[in-house]
Amino acid sequence: MKHYFQKIHIIWAVVLGMTLFSCSKKLDRTPINTTSDADVYSTIGGTKEALAKVYGAFALTGSTGSGSSDLAGIDAGTSDFLRLYWNAQELPTDEALCAWGDPGIPDLNEISWTSSNTLLNGLYNRCIYQITVANAFLRATATTPSTFSEADQEDLKHFRAESRFIRAYQYWVLMDLFGNPPFTDENSTIGKVAPQQIKRADLFNYVESELKAIEPDLVAPGQNEYGRADQAADWALLARLYLNAEVYTGTDHYTDAITYSEKVINSGYSLDKNYNYLFLADNNLNNPETILSINYDGNKTQNYGGTTFLVNACIDGSTGAGPTSYGVPSGGWGGIRARSPFPKLFGDDYTTSKDKRAALLLGTDYDITNTTTFAQGIKVIKFRNTNSDGTLPANAGTYVSTDFPLFRLAEQYLIYAEAVLRGGTGGDKTTAISYINLLRERAYGDASGDVTNIDLNFILDERARELYYEAFRRTDLIRFGKFTGSSYVWPWKGGLKDGTSVADKYNLFPIPASDLSANPENLTQNPGYGS
Amino acid sequence: QGGKTISGVVLSQDQEPLAGVSVSVPQTSIGTITDDKGAFSLQVKPTASSLSFSFIGYISQVVPINGEAPIHVVLIKDSTSKLSEVVVIGYGSVNKKDVTGAISTISTKDFQKGAITSFDQMIAGKAPGISITSNGGHPGSGATIRIRGLSSLSASQDPLQVVDGAPFDGYVNPNDIESVTILKDAASAAIYGSRASGGVILITTKKGIAGQTKINFNTQFSVSKVKGYVDVLTGDEFRDYINSNAYFTADYKDLLGSANTNWQKEIYQTALTTNNNLSVSGGLGKIPYRLSVGYLNQDGILKTDNMQRTTGSLTLNPSFLDNHLKVTLNLNGSLTRNRNANQGAIGAAVAFDPTQSVYDESNTLMGGYFEWMRDASTPNPLAAFNPVSLLNQRRDVSHYNRGFGNINLDYSLHFLPDLHISANLGFDVGNTTGTTKEDSTSRNTYNIQGDEVYKGLNNQYSSDFNNYFAEYMLNYKKDIASIKSNINAMVLYGYYDNRSVNDNYASFDYLGREIPNTEQKYPYTLDQSTLISYVGRLIYTYDEKYTLTASIRRDGSSKFAPATRWGWFPSVALGWDLKQESLFKNARGLSSLKFRASYGKTGNQGGIDNYKYIPSYYLSDNTSEYQFGDDFYSMYTPSSYDESLKWESTASANIGLDFGFLNQRIYGSLDFYNKHTTDLLATVDIAAGTNFTNQLLTNIGSMNSKGVELNLGFVPVRTSDLEWTVNLNASYNNSEITKLLAYPDSSYKGQVTGDIEGATGQTIQILNLHQQPNTFLVYKQVYDANGKPIEGAYADLNGDGQISPYDDQYYYKSPWPKWIMGFSTNLTYKKWSFSTTLRANIGNYMYNNVASNQGIAYNMGVNQYLANGVRDVLYTNFINKQQQSDYYVQNASFLKMDNIGITYNVGEVFGLKSSNLSLSGHVQNVFCVTKYDGLDPEIYGGIDKNIYPNPRVYTVGLNLNF
Amino acid sequence: KDQTMVIASSDAATELTASAQTLVLNEENAADQAVTLSWSKPDFGYAAAIDYYLQVSFKDSAFSKISSIGIGTATSISYTVEDLNTLLLGAKYPSDEANDVQIRVLAQVADSLFVYSNVLTVNVTPYLAKRVITYPNLYMPGDYQGWDPTSETIAKLYSINSNTSYKGYINVEADTNYFKITAAPNWDGTNYGTGGKGLLSTTGDNLMIDTAGYYLVTADTKALSWSYTRENWGMIGDAIGGWDDADEVMFDFDKENQVLTKTVNLVAGGLKFRANHDWTLNLGAGAKYGGDNYTITTAGTYLITLDLRVPDEPVVTMTLQ
Ligand SMILES: [Ca+2]
Ligand SMILES: [Ca+2]
């Protein structure tokens, strides 16, 4: 009997011990493979890795491989910035038509979208996501750790200015596409306080003031690391902003557009000798023209958006010499091709044009009678995953290494010329014509394509010839008053084969229904899209 | 008159008078019942030779009449009777008469029989309010169990499984199960607090009895066959369709082959299962034990699918110190070897071009299988894969070992025997290891990387988990006869810890070369969550008529921030034995009547991620780096989080009545309940810019479920040779979302949900106020005069002349049945016994995603390959996707016969006195009556994508006891 | 189905009517309402979302070739004289003669659910539209036109940027030509004369061009400067006989419309316009300076018009006769 009692005492001792051991502190479980923000920002190295996400948010869909996404409610592979931005800027225009029936695509093709368009919802949230990440970066780096060396502090100053640049860029995108988005900055906290809406004109002022405010804190033109914004990027965005100012605010800023495009033009960049090299897998090397790019790498920066999308969607198994010749041996998704007006900008038969920019088109079947038949329509093989020496990047399969130029010198030439033609002062037409002829001489290989006179319609066409498939077209057509209405129709505009007029409300995309529901107190829908 | 009057008294064993005992003359309608002194007086015919005495809960007696002499009868309690049955409740057990909540118990004799491989199959259709939906026909894939409808949107709704007091969802061999008890109302379940919103399932295993050595051997052999195929076009029909349809260009017509292949037939097989179980129970000296081993070898009907499971369980329940210390040890282990077939073959077989042959010997690159190729050296990357090659060229073998068990020490103090101190310590550990290999010629893994072609696959995976708990309890039980009171009080402290590790590996080709860019950043991920609980309960019974149960639990969870992690979960319940009241005491024919009422609150934190309240950063993977300069940088990525995340809580009220008539030949119960969930955990759109994502799991909204449950049992015939029992149950449930917004907004359109196949990001269901969860949101299809749907034509519901999402979509039905019904019957005649179980769901609707995705021409010829369509395309002639049409939302009400079986009881064998042999034959999934067009009307969530079909199973079995 | 099916009626119909049956269009009334076309909403037997398309049959094609105009959900459309004129010319109805124009409405719900209205015939006489230029302009009354600033037949200078810089063409016929520049089509506003070589003055004598020909004139009213350059335009290319200088065919000047015109026979081939027998200043496809060749695919007689009135916005029309 006593023996048993001793055992029981032992048992209860164990019980008591476990009870004490199992105190409430045990409820503070923390994840592994993660870090607190205090740790991240305690070193300049960690801070730079956080900066990598500020940038990476527009390059990648997520942080855990190509199947991951920072966003929900949209296919992960589709949720990246460039793919969605590109679709929004190109599919509704005369430059491109996508053959896929995936939700959201036909509506973009035909300019008949609604506030529940999946792709527009994804784009809106992607832009705001990147802003939120940039805000968090700015919030966390508001005070400099005392352990930072002087060099670290200098780096941090640049990092912060670049985060503000990225944020301003995304606000510019939102302003251009959605007009009146919700507004947050580094003073907005993470949680449940729903942000206020900002008016398009006010957002213009904000973006302008931010870009001007950060100018001194950015690295001098061409002096930053590849892939990071410098002062030239800042000016380039200001020039683009001013060129479109009248659309955004009703007040033009063409003189400012001339001022800032000229600053970029005079900051040491030059045109790449080979137009097509700008869009190849090794375009990060020896590239004198690109001011800022979104960087991709087939091994290190993989996703199903970005240039992986651009290269694969523009070809299928039977395009040209096959997918391997475009650097994607296991790719080729057969989606996007041009509508007939675009190749005709190079002449009724673009194949006879001396313009080398037309050499990146393929095929003879101009007319698209069935939107879902990829075989119809001229193919655009501008973006490729091959190196300039013809080799393929290591491990080429589906993912693409080509970087996407967000800002390059050629656009600044075109901004300058257009701003002059639109009456901006401080520039002159002779210089404008000479800038245009720089582009044309590169395109023609000699002076045979030079022009002696230019007008606005010529500029619109030349922008298409130079900047096609670089996500400019919708903004350009709107600036020229040709996107909606009947002054210019193109095949399948408005859903008809020969094209038809569409309502002016489509000059702005709608605020997504999901956000109107989540933030009903603050958000008002853009005109024409209902509540 | 010519009769005689017999009178007498009926007493219980303890000489208490028994009121309400029915006294009758056998084979006649003459009878009476005893009064509250136990006395009776009855006029009988002179020829009457005996009287029968029966009373619920007691063994009936037939007593000879001796003239007119008074009869003095003592009735003995029937320990097997329903009324005296002990019912397992949370942290203990009570007599059935003291039950105050809504509890269903299904024990051995009521279980479904046949090829049963998990406990859910045994109880399907057996109790009201419980919905059990198979997760498909893959061996070991289990079922989704819902108790009383829905209680959450994004958190887990699975009931908590407790095996012999251990809260683990480990696998229990059905042969070891004695009974399954389901706690349905919050008052019963609240004792499990934060994990009980989905209800609680208590599994009690069989135990040994010292001194009675029993050996049971049970063996079954089953044949499983596919019940039917998805109705797709044959090769000839497909050829005709493509050739005659102007939609398809010549390029596609040229792709047609000349074969007639039924791909579904190619991937399914007649599958064999053997299931053997041996158990020995008895006493090792004074220690009762039960030891059982089982071995199951089950082929799936999908070729290459196989599971082999060896289980062992040991129970020891000795008592020491003059029964003051009771020890119960339960140990369960299982070793499972799975060969997992590639289930992608199921959808592939439905869609694969039937004009192509399985094999194409010239295609050596792809192992001699037909595959869609761009040219001889490149497969078409967008095309579907040959279903047979998907199966045959993969070999995915995993080993899953699991052990769980607990030891319960219950000590009643020598100086105060009414006070028990007990400790219950348990563990649940398991690990999985496996390899996935694919042939070098497998299309599935054909992977071009630049100049290298990485072929095949040789990957490994592994994970393990370690769960522990400790519970310490004080329990005081006292019968205080002087004030007719019985007290049962309990306090408990519980600590529960769950920890799982998942290892990360790179991928390798068949030559063992690492496939580029697959190396992992971290060797493993670890998840841990902890729960701490304090529980108190009082069960007070007065005069054996009134029972009050009150409990309270306080739970703290590591999933929530310190400010929100603790929650209170109280309950109160009342039982009133009306039969004891004078009004009913003498009611003839009424053998029992009890009223129950309860109210309680449960919490929910299940199924949500562990650390969602903590702001944190993680480094990106090696393939998700960003380039600055010449270097690539890992991205420090902020995770989304909700600092104020907290318990979802469900308050539920229940009113019930238990009744029995005619000496329990008819018995049953009726329950009404109302459940209200608040702080609903749901993943919803959040205001853009407020977090590091656009949809967040957060506490938002509330939901209500109301229902009625009826359970009825009959024993129409009961003689020594023939017994016929019938059970009928029916339950009605309606769940509705009552709030779903942080801010009220009349223009709120709801939260879309229910992903469908065929278009990424596309959904078919919606969560919105005043709707059932997952209500279908669809356009109203327009039909032509012949009743055929017109492509692209929908009714303009708001009359603005255009068809727009939301505005012209309407709420059309939900996947949740209004009525769930079960019917079981058992007929035993001498040595033969026959049983069947039927189930019906009424009012549930299904979205036929197979038809909406594969009943259109567009998907039959796109991306340079051909794909088969379902026959519906011949009817609709749809070219493009019409996925949001209500045409595809179909009534999926059904009546299913789950099981039919016959058993022959041979009796003693080998001349052994206590031996018994029985032989049986069963069929499962016998038939299904439904209007639904797809393969199976019963798919959880109401969206029919391509499912692994549940086979029809024919089983013969032998059961030997000695 | 479990619910009542929505059945589309097969006898939906729509009736098209016009507010006028006979229309003679002319340019003076360009902005006026010409006609309103209305149609009834067809009853498809349920609340249908109908898109309407107005279809205008090409001349004599009986709807085998149509101009289709997407209307959306409205059940009527009004045309101004100008818009209707543009529509009909686009459908190959000749100007200045009465045409029976066939019109119908397509009311469409889905690819396989639609109905056509009756075919309505409207008698319309279109006009040949003149180019409307809306830039701020100056006038150049002078010898060449009888010194009448109010005349329709007058050369103008335009400022496409609405500033003080103007450009335009003048065609002078005699070797000595005096003219002035006026701000308004009368003598009441500011009048510019010469202020010395290349300069303007509001008080100066007449300006002068001394050789007959077609000239580009520039003027800046702020800098008070002006200039003129001769541009002798012709067309050249294998479509018109070859690419040699000798093959060039020169334009005539259409005084009434102030544009260059020529009726020529063309064969399939390339064609370009150039000035002064030289390639320095040339116009190609899309009326682009320095643009690619025009490609003529159909041989025949063409009326070619080169409208250079706004120097930055040349307009070329080639009409197969
Ligand atoms: Ca790159
Ligand atoms: Ca509508």
Side-chain angles (χ1 to χ4, degrees), chain A residues 4 15 18 22 26-27 29 31-35 37 40 49-50 52-53 55-56 60 63-65 71-75 101-103 114 116 118 125 128 132 136 182 184 190 194-195 225-228 295 299-302 317 329-330 392 394-397 513-515 517-521 531, chain B residues 320-321 374 380-381 409 423 448-450 470 472 495 516-517 522 525-526 528-530 556 558 565 611 616-618 620-621 623-629 632-638 685-689 691-695 743 745 747-749 759-762 804-805 858 863-864 880-881:
Chain A
Y4 280 129
V15 165
M18 283 195 69
S22 319
K26 286 285 184 184
L27 295 177
R29 298 290 182 203
I32 64 157
N33 305 343
T34 71
T35 316
D37 60 347
V40 168
E49 286 174 316
K53 182 64 182 179
Y55 278 93
L60 289 164
S63 293
T64 51
L71 304 177
I74 181 169
D75 165 54
D102 300 63
T114 67
S116 44
T118 307
N125 282 304
I128 293 173
T132 310
T184 61
I190 297 303
E225 286 184 299
Y226 180 77
R228 287 175 53 196
N295 297 341
N299 293 297
K300 291 289 186 186
T301 314
Q302 295 181 345
S330 40
L392 265 56
N395 305 320
S514 58
D515 203 29
S517 282
N519 189 3
E521 307 230 299
S531 58
Chain B
F320 306 99
L321 309 175
R374 276 182 173 161
N380 177 346
L409 310 166
I448 305 176
Q449 306 263 8
Y472 311 103
Y495 174 86
N517 305 319
Y522 297 105
T525 56
L526 186 154
Q528 188 166 17
S529 67
T530 303
S558 66
R565 69 170 47 135
Y611 313 109
S616 65
Y617 280 73
Y618 64 97
S620 63
D621 283 2
T623 56
S624 301
E625 297 183 342
Y626 197 71
Q627 185 180 9
F628 292 146
F632 288 86
Y633 290 81
S634 265
M635 305 186 297
Y636 254 130
T637 306
D685 293 316
I686 50 166
N691 218 312
F692 300 112
T693 183
N694 59 327
Q695 289 186 353
Y743 313 96
D745 172 27
S747 63
Y748 181 59
K749 292 182 161 145
T760 49
Q762 190 92 301
S804 340
Y858 176 83
N863 295 327
Q864 289 85 51
N880 287 306
K881 286 171 190 163

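Quick note on labels: first sequence line is chain A, next is B, and so on, each numbered from 1.
Going from atom CZ of B:F692 over to atom CG of A:L71 covers 13.0 Å, rounded to the nearest 0.5 Å. With rounding to the nearest 0.5 Å, the separation of OG1 in B:T530 from CZ in A:R29 is 3.0 Å. For the atom pair CD of B:Q762 and CG of A:D75, the computed distance is 12.0 Å after rounding to the nearest 0.5 Å. For the atom pair B:Y611 OH and A:I32 CD1, the distance stands at 7.5 Å (nearest 0.5 Å). Residue B:S616 holds its OG atom at 9.0 Å from CG of A:D37, rounded to the nearest 0.5 Å. Summarising the geometry, atom NZ belonging to A:K26 is positioned 4.5 Å from atom OH belonging to B:Y495; distances are rounded to the nearest 0.5 Å.
Ranking B:N880, B:I686, B:L526, B:N517 against chain A, the residue ahead of the rest is B:N517, based on heavy-atom pairs under 4.5 Å. When the candidates A:I128, A:T301, A:L60 are compared by the number of heavy-atom contacts under 4.5 Å with chain B, A:T301 comes out ahead.
With a threshold of 4.5 angstrom between heavy atoms, A:P329 approaches chain B through its backbone and through its side chain. Of the atoms belonging to A:T114, it is side-chain heavy atoms, and not backbone ones, that fall under 4.5 Å from chain B. For chain B, no part of A:A394 is nearby; none of its heavy atoms comes within less than 4.5 Å.
Between B:F628 and A:Y55, the distance separating the two ring centers is shorter than 6.0 angstrom.
When side chains are defined from C-beta on, B:P638 counts as touching A:K53, because their heavy atoms get closer than 4.5 Å. Side-chain contact between A:K300 and B:T623 is absent, with no heavy-atom pair separated by less than 4.5 Å.
Using modelled atom types and a 3.5 Å distance limit, the side chains of B:T637 and A:S63 yield a donor-acceptor pair.
A:N395 pairs by the side chain to side chain donor-acceptor pair (under 3.5 Å) definition with A:N299, not counting sequence neighbours. Scored by the side chain to side chain donor-acceptor pair (under 3.5 Å) test, B:S529 finds no partners at all (sequence neighbours excluded).
The backbone N or O of A:I190 sits nowhere less than 3.5 Å from a side-chain atom of B:N691 that would complete a donor-acceptor pair. Remark: the backbone N or O of B:A688 is paired with a side-chain donor or acceptor of A:D515 at under 3.5 angstrom. Counting only distance, with no hydrogens or angles, the side chain of B:D685 and the backbone of A:A518 share no donor-acceptor pair below 3.5 Å.
Looking at A:V40, A:T64, A:T35 one by one, the single match for side-chain contact (heavy atoms from CB on, under 4.5 Å) with B:Y618 turns out to be A:T64.
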